[in-house]
Amino acid sequence: MKAFVAGATGETGRRIVQELMARNIPVRALVRDVEKARSILPGEVELVKGDVLDQQSLAAALGDSTVVLSATGAKPSFDPTGPYKVDYEGNKNLVDAAKAKGIEHFVMVSSLAASQFFHPLNLFWLILVWKKQAEEYVQKSGLTYTIVRPGGLKNEDNTDSIVMQNADTLFDGSIPRQKVAQVCIEALFEPAARNKIVEVVAKPEAASKSFGELFAGVV
């Protein structure tokens with residue numbers, strides 16, 4: 001297995017890279033700024049300069065990767081086209097490149113409430129609308145996929161247990177980014193994670209379950 005990570009220098013993406021390295025899975029990281037990435041990511045990571053919006057560059061960027069993990073997302077800005085370009089067009093380009101390469105598994109980080117149009121996050125240039133469009137594009141692509149919808153993201157890890165449910169059944173809650181990264185990596189190894197949307201939060205009172213049990217509990 002060789003993992004290609006888009007959005008690798010973001011807060012969630014860098015944790016995905018760390019989790020992959022901890023499992024001794026080689027990583028190719030798509031970065032726009034190589035110098036910045038060198039200061040953020042472990043030294044063993046193969047850095048590939050490119051951009052999800054530059055479709056022509058992605059085929060070469062994927063190289064010999066066998067799986068793709070997309071943690072790309074628009075940063076808050078005054079650009080009303082940001083979520084459309086990054087969350088939808090960027091992921092769409094990644095999916096197309098992954099299909100052309102015969103990628104074995106496509107994991108995408110989306111967001112809780114992606115199906116809810118009347119949600120405060122949609123005041124930020126319809127960010128959830130475009131995440132949902134990207135999800136649907138992945139689902140229709142023919143690729144083996146896992147779409148991970150985390151609740152509110154926390155930078156600090158904690159000892160809370162992961163709660164995983166079907167799409168559109170969790171409506172609030174938060175989760176450390178480290179746990180989101182773990183869910184993404186485990187999805188590559190758990191047969192029960194294939195071709196599913198999973199919603200994840202972390203709760204101190206939740207029963208501790210293995211990742212196999214968590215993914216098997218989602219239909």
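Throughout, numbering of the chain's residues begins at 1 and tracks the sequence.
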With salt bridge (charged side-chain N to carboxylate O under 4.0 Å, His left out) as the test, would you mind laying out the steps for Asp160 and Lys203 before giving the verdict? CA-CA 5 Å; Asp160 295 357; Lys203 294 183 178 176; over 6 Å; no
Can [Y] be reached from [X] by stepping across I, L, V, M, F, W or Y side chains whose heavy atoms are under 4.5 Å apart?
{"X": "Val138", "Y": "Trp130", "value": "yes"}
{"X": "Val68", "Y": "Val48", "value": "no"}
{"X": "Val52", "Y": "Leu62", "value": "yes"}
{"X": "Val107", "Y": "Met164", "value": "yes"}
{"X": "Val31", "Y": "Leu69", "value": "yes"}

To the nearest 0.5 angstrom, please state how far the [atom1] atom of [X] sits from the [atom2] atom of [Y].
{"X": "Ile16", "Y": "Gln182", "atom1": "CD1", "atom2": "CD", "value": "11.0 Å"}
{"X": "Arg149", "Y": "Ile197", "atom1": "CZ", "atom2": "CD1", "value": "4.5 Å"}
{"X": "Ser57", "Y": "Asp51", "atom1": "OG", "atom2": "CG", "value": "7.0 Å"}
{"X": "Arg28", "Y": "Leu20", "atom1": "CZ", "atom2": "CG", "value": "14.0 Å"}

Note to self: Applying the side chain to side chain donor-acceptor pair (under 3.5 Å) criterion to Ser110, which one of Lys131, Glu135, Glu199, Lys132 satisfies it?
What the structure shows: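 Exactly one pass, corresponding to Glu135.
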[atom1] of [X]: more than 12 outside heavy atoms within 6.0 angstrom?
{"X": "Arg32", "atom1": "CZ", "value": "no"}
{"X": "Glu156", "atom1": "CD", "value": "no"}
{"X": "Asp172", "atom1": "CG", "value": "no"}
{"X": "Lys101", "atom1": "NZ", "value": "yes"}

Has the side chain of [X] got a donor or acceptor atom that lies under 3.5 Å from a matching backbone atom of [Y]?
{"X": "Lys209", "Y": "Val163", "result": "no"}
{"X": "Asn166", "Y": "Thr169", "result": "no"}
{"X": "Lys85", "Y": "Gly90", "result": "no"}

Heavy-atom closest pair, residues [X] and [Y]:
{"X": "Ala61", "Y": "Phe4", "result": "O-CE1, 3.3 Å"}
{"X": "Phe171", "Y": "Leu112", "result": "C-CD2, 4.2 Å"}
{"X": "Ile175", "Y": "Val180", "result": "CG2-CG2, 3.6 Å"}
{"X": "Val67", "Y": "Ile103", "result": "CA-CG2, 3.8 Å"}
{"X": "Asn91", "Y": "Phe106", "result": "O-CZ, 4.4 Å"}
{"X": "Ala59", "Y": "Ala97", "result": "N-CB, 4.5 Å"}

Any heavy-atom pair between the side chains of [Y] and [X] that's under 4.5 Å?
{"X": "Gln139", "Y": "Ile147", "result": "yes"}
{"X": "Asn195", "Y": "Tyr145", "result": "yes"}
{"X": "Val198", "Y": "Gln165", "result": "no"}
{"X": "Leu188", "Y": "Met1", "result": "yes"}
{"X": "Arg15", "Y": "Asn155", "result": "yes"}
{"X": "Asp87", "Y": "Leu128", "result": "no"}
{"X": "Lys2", "Y": "Glu46", "result": "yes"}
{"X": "Cys184", "Y": "Val109", "result": "yes"}

(request) Start with the C-alpha distance between Tyr137 and Asp96, add both sets of side-chain angles, then the distance that settles side chain to side chain donor-acceptor pair (under 3.5 Å), and finish with yes or no. (result) CA-CA 10 Å; Tyr137 196 80; Asp96 291 343; 2.7 Å; yes
Return a table of donor-acceptor pairs under 3.5 angstrom between the side chains of residues 211-219 and protein atoms on other chains or two or more places apart.
{"from": "Glu213", "atom 1": "OE1", "to": "Ser210", "atom 2": "N", "distance (Å)": "2.8"}
{"from": "Glu213", "atom 1": "OE1", "to": "Ser210", "atom 2": "OG", "distance (Å)": "3.3"}

task: Go through Glu19 and Lys179 one step at a time and tell me if the salt bridge (charged side-chain N to carboxylate O under 4.0 Å, His left out) criterion holds.
output: CA-CA 10 Å; Glu19 285 289 330; Lys179 287 180 169 52; over 6 Å; no
_Residues His105, Arg194; criterion side-chain contact (heavy atoms from CB on, under 4.5 Å); working and verdict_ = CA-CA 8 Å; His105 200 137; Arg194 289 176 190 157; 4.1 Å; yes
Evaluate Gln133 against Glu89 for side-chain contact (heavy atoms from CB on, under 4.5 Å), listing each step before the verdict. CA-CA 10 Å; Gln133 293 292 316; Glu89 280 292 331; over 6 Å; no
Evaluate side-chain contact (heavy atoms from CB on, under 4.5 Å) for Leu30 paired with Lys49, printing each intermediate quantity in order.
CA-CA 6 Å; Leu30 182 73; Lys49 188 173 170 63; over 6 Å; no
Would Leu47 and Arg38 count as a side-chain contact (heavy atoms from CB on, under 4.5 Å) here? Give the steps. CA-CA 8 Å; Leu47 301 179; Arg38 280 218 172 89; 3.6 Å; yes
Modelled atom types, side-chain donor and acceptor of Arg177 and Thr12, under 3.5 Å: yes
